[in-house]
J.: 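Quick one: the structure is below, and I'll ask about it shortly.
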2 protein chains.
Amino acid sequence: MSTEPPLFDLHRRPERRDAARNRELLLDAAHRLVDRDGVDAVTMDAVAAEAGVGKGTVFRRFGSRAGLMSALLDHGEARWQGRVISGPPPLGPGAPALDRLLAFGESRLERTLVSGDLMVAAAGRHGRSLPAVAFLVAHVRHLLAELDVTGDLPVMALSLLAPLDVTFVLPQLEAGVTRERILATWTDLVRRVVEAG
Amino acid sequence: MSTEPPLFDLHRRPERRDAARNRELLLDAAHRLVDRDGVDAVTMDAVAAEAGVGKGTVFRRFGSRAGLMSALLDHGEARWQGRVISGPPPLGPGAPALDRLLAFGESRLERTLVSGDLMVAAAGRHGRSLPAVAFLVAHVRHLLAELDVTGDLPVMALSLLAPLDVTFVLPQLEAGVTRERILATWTDLVRRVVEAG
DNA sequence: AGACCAAACGGACCGCGGTCCGCTTCTATT
DNA sequence: AATAGAAGCGGACCGCGGTCCGTTTGGTCT
């Protein structure tokens, strides 16, 4: 549950104790604000005030508002990734690859619906950074390989993930397209891709 | 080449003469700024100053920065749509539907590469507004129907368009994925969907 | 022509994300 | 324990998108 940011680059010295303490303070404060008033209320000034630190500290720790939002999102994402990697089937290992892939789509759509606003806030300028989707691509790619799909699997995996992205799902919901239609069509899409293997 | 914004709702009175004049002034100014200094230099204050009007006028005419960017984008989009609807095959009518669809993908990817930064700037909060993609969805949907693809065609059309969206294309390019790989994989994807009809 | 009023205008104003820099605090070293 | 210097800190400051409202302008009706 701790939230170290280095994780790569083992050369870098660990955070100073006060810095680590402030990181936790800020994450707690941000979480509290999201729960109480929603994502839009999470301004950098508000987080700083709620945590009792200076505004500069927020930027020093998280780089930007999108960075802070990503950090908030990561808690839930990590738990979800755990379910994908080692949870019960069909999402987790143990089920046939196609079942896993379809369960993955449904579960991912669910997460998009639940945390969509955070995902939007965590995306800077253009869409989310590639590291943020690296896990998704890797997993889909792996399942596609197991299903003997040939071709450029990394790009194909991302292409299959695109329709489930928050930037496409939310506008459709607003336009009256139901969750069920989106999921059914994604399932159809995946089946066609796999069957044409 | 004129840029009327009503176009729907015929009840609404036409724009007053000074308003129409200012709209043109502003679009010209914005275009000039884009060409000279790039999209990021197009701040609302800069456009107002360049056009010689007040800042409030810019917002009155275009609603927001994203709205102004959409208006800029629309010039090129309309020309491109014309090529799709009535240009030479295979993009325009006259070629077999699958050829048209594949040509559509290539041409759309090209446009994304050319005007990607404008597209990003024209997108508010979450992805582009649905009206902005309505034409794309309608066209792909039409071609899918001609190809006897069954299912939820509007959602399927959008799902096929998603991988070509600027929010997915630009990060991939930055990550070293070539234009050719993206196009080849999209072609592959479409072929699989159509063949499994 | 004059008068009326909706539409349009302009720019002061606000809140937010992000930067900067002088000051403080931690920690490694001796 | 003393010290040096890197890491962290805070908050004033800036530019931008967006709003507001008192003033001006242009179409319309008599």
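Proteins get letters first, then strands, A, B, ... in listed order; numbering begins at 1 in each.
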J.: Grab the CZ-P distance between A/F62 and C/dG17 for me, whole Å please.
T.: 15 Å

J.: What I want to find out is whether A/R61 reaches A/E24 closely enough, with some N-O distance under 4.0 Å, to be called a salt bridge.
T.: no

J.: Using the rule that Ile, Leu, Val, Met, Phe, Trp and Tyr join whenever any side-chain heavy atoms are under 4.5 Å apart, tell me whether B/F59 and B/L25 fall into a single cluster.
T.: no

J.: Taking donor-acceptor contacts at under 3.5 Å, does the side chain of A/R16 reach the base of C/dT27?
T.: no

J.: At under 4.0 Å, does any side-chain N or O of B/R65 touch on OP1 or OP2 of D/dG17?
T.: yes

J.: Taking 4.0 Å as the cut-off, does a side-chain nitrogen or oxygen of A/T57 come that near to OP1 or OP2 on D/dG8?
T.: no

J.: Any side-chain N or O of A/R21 below 4.0 angstrom from OP1/OP2 of D/dG8?
T.: no

J.: What residues from residues 41-56 of chain B pass a heavy-atom cutoff of under 4.0 Å to DNA chain C?
T.: B/V53, B/G54, B/K55, B/G56

J.: Measure the spacing between NE2 of A/H139 and CZ of A/F135 and express it to the nearest 0.5 Å.
T.: 6.0 Å

J.: At less than 4.0 Å, is any side-chain N or O atom of A/N22 found next to OP1 or OP2 of D/dG8? Yes or no.
T.: no

J.: Cation-pi between A/R191 and A/W186: NZ/CZ under 6.0 Å from ring centre and within 45° of the ring axis?
T.: no

J.: Rounded to whole angstrom units, what separation is found between the CZ atom of B/F59 and the P atom of D/dC21?
T.: 17 Å

J.: So which nucleotide from C/dG18, C/dA8, D/dC9 ends up closest to the side chain of A/S64?
T.: C/dG18

J.: Give a yes/no on whether any side-chain N or O of A/R60 is located under 4.0 angstrom from OP1 or OP2 of D/dC9.
T.: no

J.: If you measure only the distance, is there a donor-acceptor pair under 3.5 Å linking the side chains of A/T167 and A/D165?
T.: yes

J.: Does this structure show an ion pair linking A/E77 with A/R111, if we count only N-O contacts that are shorter than 4.0 Å?
T.: yes

